[in-house]
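These notes are about the structure you will find just below.
Side-chain atoms are counted along with the backbone in the values below, which use heavy atoms only and exclude waters and symmetry mates.
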Amino acid sequence: MQTPLLQVKHISKTYMNPKGWFRREHVRAIKSLSFELKRAHTLAVIGEAGSGKSTLAHLLAGEMEPSSGDILLHGQSLNDTNKRQRCMDIRLIPQMPSLSLNPRQRVSTQILAPLVQHRSITHALRQQKLYGTMRDVGLLEEHANYYPNMLSASQRLRVTLARAMIVDPEVLVFDQTLSAMDITMRAQLINLLTKLQQSRGMAYVMIGHQLSMIRHLADHVMVMQHGEVIEFDQTNNVFKAPASDYTKRMVYAYNELTQGSNG
Ligand SMILES: Nc1ncnc2c1ncn2[C@@H]1O[C@H](COP(=O)(O)OP(=O)(O)OP(=O)(O)O)[C@@H](O)[C@H]1O
C-alpha cells in the first residue's frame, strides 16, 4: 500500500500558562490526535471554539512542536527534516491573509521572500518561478510591481497563496482563512484551489466552518472537541448522516439555509 503523504500520529500539545507567582496552569489543547492525508486530497477540520483547531494548524506548519507524538511527510518524521525544508513542505495560510502582507513592500518582493534564502537559485530562475506562480494563482505580471493597497481583497489573497506556493509545498493549511470572505470571493477561491490541486497535487487542510466550501472541496471531514477527534468520515457521509451532536447542528443549520434560499 502507498504511504500517505501526511501522517499525524498521536500528537498532543499542552500549553503552560503562568498563574500567579509560582503556579502554572496546564491547558491540554490537543490530546492524542491521529489522521492521514493523501496527495491531492482535502481534509476539513471543524469544531467548537477552543477545540484545538488553530493549535493543530500551527503544529502542522512547524510553528511549534507537539508535546508528544509525531508528524510524518512521505513516511519521514518531520523531526528528522531540517527546519527550513519543513517550513517549505507545509505552508500555513493565515486567518487574515491581507494583514500578513507588508504594505510598504512590492508584491514581487513578498512573493519571493521564502525563496530568497535559496542562494543557489539564479536570478533568471527566480523570475521564472515568480511569474509562473503568479500566473497559476490568476495574477498578472504587472501586479509584481504593485503594493498591496493597489490590489483588491481577492488579489491580495492570491498574493498570499503565491507566496506560499513559490517553494512548491506539498501541503497547504488554511487556518480559518475563508471565514471573512464574501460569497463571490469564496466561489472564486473554490475554483482556484480545485485547479491548483489538480495541477500541483497539493493536499489541503482547511480549518473553518464554511460548510459550502467544505462540501465542494473536502474529501474528508474531521470534527474536534476538547482537543480530540469525535468524528472522521467522508464529506458525503457527514452531510448525509452526521454522527456527533455538533455536526448534526451544523448540517441542520446549513440545510435550513441552503434549502431556504433555494425555495
Ligand atoms: N498560546 C496559547 N497559550 C495558552 N493557551 C492557549 C494558547 N493558544 C490556545 N490556547 C488554548 O488552547 C485551547 C485550544 O485553542 P485553539 O485556539 O487551538 O482552539 P480553536 O479550536 O482554534 O479555537 P477558535 O475556533 O476559537 O480559534 C484553548 O483552551 C485555548 O485557550
Run the side-chain donor-acceptor check on residues 211-218: report pairs under 3.5 Å with partners two or more places apart or on a different chain.
from : atom 1 : to   : atom 2 : distance (Å)
H216 : ND1    : S212 : O      : 2.9

Hey, are the side chains of D175 and P94 touching, using non-hydrogen atoms and a 4.5 Å cut-off? no
Distance-only polar pair, side chains of S68 and S12, donor-acceptor under 3.5 Å: yes
Would you say L192 and L101 are hydrophobically clustered, going by side-chain heavy atoms of ILVMFWY under 4.5 Å? yes
Would L172 and I90 satisfy side chain to side chain contact (heavy atoms under 4.5 Å, CB included), going step by step from the backbone distance to the final call? CA-CA 6 Å; L172 288 185; I90 305 180; over 6 Å; no
Mind listing the closest non-hydrogen atom pair of R104 and Y147 along with its distance? O-CE2, 3.5 Å
Quick check: is V221 connected to V8 through a chain of hydrophobic side chains (ILVMFWY, heavy atoms under 4.5 Å apart)? no
Quick one: side chain to side chain donor-acceptor pair (under 3.5 Å) partners of E65, sequence neighbours excluded? none
Taking all non-hydrogen atoms of both residues into account, name the closest pair between Q127 and L112 and its distance. OE1-CD1, 4.1 Å
Counting only pairs under 3.5 Å, give me each side-chain donor-acceptor contact of residues 42-53, with atom names and distances, residues two or more places apart or in other chains.
from : atom 1 : to   : atom 2 : distance (Å)
T42  : OG1    : Q197 : NE2    : 3.0
E48  : OE2    : R249 : NH2    : 3.3
S51  : OG     : E48  : O      : 2.7
K53  : NZ     : G47  : O      : 2.9
K53  : NZ     : E48  : O      : 3.1

Mind checking what makes side chain to side chain donor-acceptor pair (under 3.5 Å) contact with T235, not counting sequence neighbours? none
For T109 and Q105, indicate whether the former's side chain and the latter's backbone hold a donor-acceptor pair under 3.5 Å. no
How about H123: does its NE2 atom have over 12 heavy atoms from other parts shown lying under 6.0 Å from it? no
I93, M165: one ILVMFWY side-chain cluster at the under-4.5 Å cut-off? yes
Heavy atoms only: give me the nearest K129-T133 pair and the separation to one decimal. O-OG1, 2.6 Å
Using modelled atom types and a 3.5 Å cut-off, is there a donor and acceptor pairing between side-chain atoms of Q155 and backbone atoms of S152? yes
For I207, is there any backbone N or O sitting under 3.5 Å from a side-chain donor or acceptor partner on Q176? no
Test side chain to side chain contact (heavy atoms under 4.5 Å, CB included) on T160 and T177 and set out the steps. CA-CA 11 Å; T160 55; T177 315; over 6 Å; no
What one should report as the nearest heavy-atom pair of S77 and D70 is OG-OD1, 2.8 Å
Identify whether the distance between the nearest side-chain nitrogen and carboxylate oxygen of D136 and R200 falls below 4.0 Å. yes
Expected output: side-chain S108 to main-chain A144 donor-acceptor under 3.5 Å: yes
Do I230 and F35 sit in the same hydrophobic cluster, where Ile, Leu, Val, Met, Phe, Trp and Tyr count as joined when their side-chain heavy atoms come under 4.5 Å apart? no
Work out which heavy atom in L115 is nearest to a heavy atom in R126; give both atom names and the distance. CD1-CG, 4.2 Å
Between K13 and L59 (side chain of the first, backbone of the second, donor and acceptor by atom type, cut-off under 3.5 Å), is there such a pair? no
Using a 3.5 Å distance criterion without hydrogens, assess whether the side chain of R163 forms a donor-acceptor pair with backbone atoms of Q110. no
Does T247 use its side chain to pair, donor to acceptor, with the backbone of A243 at less than 3.5 Å? no
Report the residues that fulfil side chain to side chain donor-acceptor pair (under 3.5 Å) with Y15, sequence neighbours left out, ordered by chain and then residue number. T55
Are S32 and E228 linked by a side-chain donor-acceptor pair shorter than 3.5 Å? no
Give a yes or no on this: more than 12 heavy atoms of other residues, nucleotides or ligands lie within 6.0 Å of atom NZ of K31. yes
Applying ring pair (Phe, Tyr, Trp, His ring centres under 6.0 Å), can you list everything that pairs with F232, at least two apart in sequence or on another chain? H220
Sidechain-backbone polar pair: R39 side chain, L5 backbone, donor-acceptor under 3.5 Å: no
Closest approach of H41 and L37, non-hydrogen atoms and distance? O-CD1, 3.8 Å
Take a 6.0 Å sphere around NE2 of H10 and say whether it holds more than 12 heavy atoms from other residues, nucleotides or ligands. no
salt_bridge(K38, D219) N-O dist < 4.0 Å: no
In this structure, would L56 and Y204 fall into the same cluster of hydrophobic residues linked by side-chain contacts under 4.5 Å? no
